[in-house]
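Computed over heavy atoms, backbone and side chain alike; hydrogens, waters and symmetry mates excluded. Quick note on labels: first sequence line is chain A, next is B, and so on, each numbered from 1.
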Amino acid sequence: MAAAHWLSQLNPSQYEAVTYGDGPLLVVAGAGTGKTKTLACRVAHLVERGVRPDRILLLTFTRRAAAEMLDRAAKLTTQSTLTKVWGGTFHAVANRLLRLYARAVGLTEGFTVIDEEDAADILNLIRTELGFGKKDRRFPRKATLAKIYSHTVNAEKPLSEVVERHFPWCRGDLEALGEIFGRYARRKRASNVVDYDDLLLLWRLLCTQPGVGERVGERFDHVLVDEYQDTNAIQAQILVGMRQRCKNIMAVGDDAQSIYSFRAATIRNILDFPERFLGTHVVTLEENYRSTQPILAASNTVMSYARERYTKELRSQRPSEQKPVLLTCVDEAQQSRLVCHHVLEHRERGLQLMQQAVLFRAGHHSAQLEVELASRNIPFRKYGGLRFVEAAHIKDLVAFLRVLENPHDELSWFRVLQLLEGIGPAAARRIIRQLGVHRMQPEGEGEAADEVAGEASPLQRLLRDPPKVPPAAAAGFAALRQALGDCAGLGRSEDTAAARGTGMSVAAQLERIRQFYQPVFERLYENAPARLRDIEQLQAMAVRYRSRQRFITDLTLDPPNSTADLAAAPYLDEDYLILSTIHSAKGMEWNVVHIIHAADGMIPSDMATGSDEQIEEERRLFYVAMTRAKDMLYVYFPLRYYHHRFGLSDAHTYAQLTRFLPADARACFEPRFEKSDADADQGELTARVSVDEFLDQLWKR
DNA sequence: CATTTATAAATTTTT
DNA sequence: TTTATAAATG
């Protein structure tokens, strides 16, 4: 309760960071050194010192991280106003600020945010219009186009350089890429949408606007940034822009845990911080409270091979006899069985499943394990897999909401219209043109952006003066107009103001849309019942929102995880095992950690072995995974991999142990070699294993 | 012009 | 598994 109470629990370095006065502060915090605690305490301390919570900006890597930190801070201080702290990701905060200052950067109010998939769809639209891909050679996939675009923007490097370096297999298409990207920017403006990258670019622009720029920065007395090693050049510039006058900024990061260079994050940010913010005070946190000494010894050994030596030397505060375990398995199937075995073993000894995590390099690496877990009725929750909003039927529904919110959103119209039987790309395009969805002519080469004639919004036009449609689509089209009309509050002039808020609730709109959508949905998708559950989940989420705009923005900026946030919500008190990509595991910790697929080609991913820099990042990734463990670490290495990625075949190759575990690193482990049947010694296990192997025989012969 | 079917190919990590 | 194109049919 009393301030002295929690301040006295900090070590000297933490205390120094938490109580540091005004001016720039850089905290270099090794894994498990109480980084989250330090940030949370800093927030609490500032508030206790009299700083207004709504004048604190806390930038984190995920929304969850911000929520956790504020939660912790709230428990420390008697102030109950911590919800007013501006906490969230750069992107979410950018969105919030741009809603306030849209005009200053040339945005129209009511803009909507698109995610990377939407961006890819728009790029694809442009590509087909331009007729690329009709050549002999294969054109990059739309998802690749989006990645190249985003990386180029975020790294602020010439396209040619980015392609050469990160997408060398696309170097032949450089010209086409440039053409497409140029049109893409105009297309977004015409649709009144912004993508993830725009959010950052516009925030940076906002900071430099005369008059407004300073005011934006002056909203905040303190800016705190977490995971600074994973920010990119633009984000660093935003911070400079936000701290033109008031220099209170605290950045926390660990150069040894930088794992997001594919998103153009750069270690330069953390290294150059003292030069960007003159007078920076640097605090280093080196005492690790998380992992036992043997786990830390292994992690430090792995890291000692990093090409650049890091200055920190982490010291564990927790002695232990138990070394981490390195398990050599026969194949993936055995790996899965062993993970289950160890997980259950720990649970029997009283450790909750939630205190254990299985970590892997790529989302699909857990596929086999998921099957095994399901067959044994071990509940789990997966982070970093497929997203809920990526399902086609969810995107359909959201597209309706987006059209209502932003009638200029071409892509959403395109999607909605094609749901009607008898309307394909060509008809949809024509209708979009007739409705005047584009705010300006996107194809016009000149800068002159003539507004499409008419005061009426495309939505009004749809209701009052509908375009002709093919006879086959007539009935469906009428029903669509009815549904959209109901949601928009037909009758009144449903200009943006009325379309927002006043009429039906978000949930009611969604319900109305669903009435229209149900038959369409049953016609289009195979396993409708399973998908129906998703729709119900979406509706359940919508109930919590009063603003449609907030709802769709949250869905794009903080997308729920398909197997996690939604499915598990009703059973929140239940226990479940955590599965996570290493990237998504950033900042987390568990008592027991299982790292699977510790084979070369998996970690490091064989798609990331092109350059030394990439390999160094993969090493850091492995290091991040290892340092998530508090008490016990298992590393699994399957010897044999089958090649049936897209079908069944018995072709297999033998893998090598990950190159990040050379002899001296291996010496930090307790080695175990599992023979094919050695794990069948447990009574309960025997039956299932033998059945599995019986089944395996059927296919592999 | 829309839809269905067939065929071939494919680069990890996330806001 | 999904995604992109071509060919066939309404």
Report which part of the nucleic acid A143(A) touches: base, sugar-phosphate, or nothing (heavy-atom distance under 4.0 Å, all strands).
nothing
Using a cut-off of strictly less than 4.0 Å, decide whether S605(A) has a side-chain nitrogen or oxygen near OP1 or OP2 of dT13(B).
no
Just checking Y196(A) against H91(A), ring centres under 6.0 Å apart?
yes
Determine the contact category for I423(A): base if any of its heavy atoms lies under 4.0 Å from a base atom, sugar-phosphate if only primed atoms, P, OP1 or OP2 are that close, otherwise nothing.
sugar-phosphate
Describe the nucleic acid contact of E421(A) in one word from base, sugar-phosphate, nothing, applying a heavy-atom distance below 4.0 Å.
sugar-phosphate
Could you please name the option among dT15(B), dT14(B), dC1(B) that lies closest to any side-chain atom of Y260(A)?
dT14(B)
Show the atom names and distances, to 0.1 Å, of all donor-acceptor pairs under 3.5 Å that link a side chain in residues 420-431 of chain A to residues at least two apart or in another chain.
unit_1: R429(A); atom_1: NH1; unit_2: E129(A); atom_2: OE2; d: 2.6
unit_1: R430(A); atom_1: NH1; unit_2: K468(A); atom_2: O; d: 3.2
unit_1: R430(A); atom_1: NH2; unit_2: K468(A); atom_2: O; d: 3.0

Is there a donor-acceptor contact under 3.5 Å from the side chain of Q614(A) to the main chain of S611(A)?
yes
With the side chain defined as heavy atoms from C-beta on, N124(A) is closest, among dT14(B), dA4(C), dT12(B), to dA4(C)
Dot-bracket summary - DNA chain B, pairs being Watson-Crick or G-U whose distances fall under 3.5 Å, with | when paired to another strand
||||||||||.....
Students often get this wrong, so: under 4.0 angstrom with heavy atoms, is F167(A) touching a base, only sugar-phosphate, or nothing?
nothing
Could you check T556(A) against T144(A) and say which one's nearest nucleotide on DNA chain B is further toward the 5' end?
T144(A)
May I ask you to say what R141(A) touches in the nucleic acid, namely base, sugar-phosphate or nothing, with a heavy-atom cut-off under 4.0 Å?
sugar-phosphate
Counting distance only, does the side-chain N/O of T60(A) pair as donor-acceptor with the main-chain N or O of T62(A) below 3.5 Å?
yes
From CZ of F360(A) over to C1' of dT13(B), roughly how many Å is that when rounded to an integer?
11 Å
Taking only side-chain nitrogens and oxygens of R127(A), does any of them come within less than 4.0 Å of OP1 or OP2 of dT5(C)?
yes
Salt bridge present between R640(A) and E332(A) (N-O < 4.0 angstrom):
no
For D554(A) and dT15(B), what is the distance between atoms CG and P respectively, to the nearest whole Å?
14 Å
Using a cut-off of 4.0 Å on non-hydrogen atoms, how would the nucleic acid contact of F90(A) be classed: base, sugar-phosphate, or nothing?
nothing
Is the shortest side-chain N to carboxylate O distance from K188(A) to D409(A) below 4.0 Å?
no
Specify the separation, in whole Å, of atom CG of D226(A) and atom P of dT15(B).
14 Å
Categorize K586(A) for me: base, sugar-phosphate, or nothing, with a 4.0 angstrom heavy-atom threshold over every strand shown.
nothing
Would you kindly compare A608(A) and H91(A) by the position of their nearest DNA chain B nucleotide and give the one closer to the 5′ end?
A608(A)
Ring-ring centroid check Y305(A) F660(A), cutoff 6.0 Å
no
Nearest-Å distance for atom pair CG/P, residues L145(A) and dT3(C):
14 Å
Choosing from dT12(B), dA4(C), dA2(B), which nucleotide comes nearest the side chain of K142(A)?
dA4(C)
Grab the CG-P distance between N232(A) and dT15(B) for me, whole Å please.
14 Å
Between E227(A) (CD) and dT15(B) (P), how many Å, whole number?
12 Å
Rounded to whole Å, please give me the gap between CG in D600(A) and P in dT12(B).
18 Å
Do the side-chain N or O atoms of T581(A) get closer than 4.0 angstrom to the phosphate oxygens (OP1, OP2) of dT12(B)?
no
Interatomic distance, M588(A) CE vs dT13(B) P [rounded to whole Å]:
17 Å
May I ask you to say whether D558(A) pairs ionically with R64(A), meaning some side-chain N is under 4.0 Å from a carboxylate O?
no
